Amino acid sequence: MAEEGRQPSMTWLFFSPSGRIGRLPFFLSWLFWFVVGGIILMQMLKYEDQDAALALWTLAMIGSGIASTVSIAMLAIKRLHDIGYPGPLALCLFIPVLSPIVFIALCLWPGAKGANEFGGRRNGPRR
């Protein structure tokens, strides 16, 4: 009974494939990773003449790239679950020609009303 009142964590949102998320959290999570990458890129350009700082910011960019790629896959899986499709379709986001089309579709396609086979409630892990 204590689990019902528990709120989903940021770790669940960004790095777990279970459950469902709506359109707004999906889009805002993508926007978060876009801003993080932009800030790190600005810092890399700012310190391009300083080797040590550039090396650190390059390392931050690599780490951010890995984390954002994993996170985007997990977000897409949860968004597909909300629509009622299986998670492996998230691989379409990594096909260059399909990626923008799939992203726009996931941002605009409304989720299934009520419970579906992937969870009973939106914006929360599967129980």
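Atoms considered below: every heavy atom in the structure, side chains included; atoms not considered: hydrogens, waters and symmetry mates. Because the structure is predicted, anything quoted here is derived from the model rather than measured.
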Between Ser68 and Ser64, is there a donor-acceptor pair closer than 3.5 Å when you use the side chain of the first and the backbone of the second?
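Such a contact is found between Ser68 side chain and Ser64 backbone.
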Return yes if some donor-acceptor pair links the side-chain N/O of His81 with the main-chain N/O of Gly19 below 3.5 Å, else return no.
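Yes; judged by distance alone, with no hydrogens or angles, the pair exists.
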Nearest atoms (heavy-atom pairs only) where [X] meets [Y]:
| X | Y | answer |
| --- | --- | --- |
| Phe15 | Ser71 | CE2-CB, 3.9 Å |
| Cys92 | Leu98 | O-CB, 3.8 Å |
| Ala73 | Ala90 | O-CB, 4.1 Å |
| Gly65 | Thr69 | O-OG1, 2.7 Å |
| Pro25 | Ser29 | O-OG, 2.7 Å |
| Lys46 | Asp49 | O-OD1, 4.1 Å |

Minimum side-chain heavy-atom gap [X]-[Y] below 4.5 Å:
| X | Y | value |
| --- | --- | --- |
| Leu89 | Ile77 | no |
| Leu106 | Leu80 | yes |
| Phe118 | Tyr85 | no |
| Arg23 | Leu108 | no |

Within 6.0 Å of CZ in Phe34, more than 12 heavy atoms from elsewhere:
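No, the 6.0 Å shell around CZ holds no more than 12 heavy atoms from other groups.
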Assess whether atom CZ of Phe27 is packed by more than 12 heavy atoms of other residues, nucleotides or ligands within 6.0 Å.
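No, not enclosed.
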Starting at [atom1] of [X], measure out to [atom2] of [Y] and round the result to the nearest 0.5 Å.
| X | Y | atom1 | atom2 | result |
| --- | --- | --- | --- | --- |
| Phe32 | Phe14 | CZ | CZ | 5.0 Å |
| Met61 | Leu54 | CE | CG | 11.0 Å |
| Arg20 | Glu117 | CZ | CD | 10.5 Å |

Does Lys78 make a cation-pi contact with Trp12, if we ask for NZ or CZ under 6.0 Å from the ring centre and within 45° of the axis?
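Relative to the ring axis of Trp12, which defines the angle, Lys78 lies inside both limits.
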According to a hydrophobic-cluster definition based on side-chain heavy atoms being under 4.5 Å apart (Ile, Leu, Val, Met, Phe, Trp, Tyr only), do [X] and [Y] belong together?
| X | Y | answer |
| --- | --- | --- |
| Met44 | Ile39 | no |
| Ile72 | Leu13 | yes |
| Val70 | Trp30 | yes |
| Met10 | Phe26 | yes |
| Leu56 | Ile40 | no |

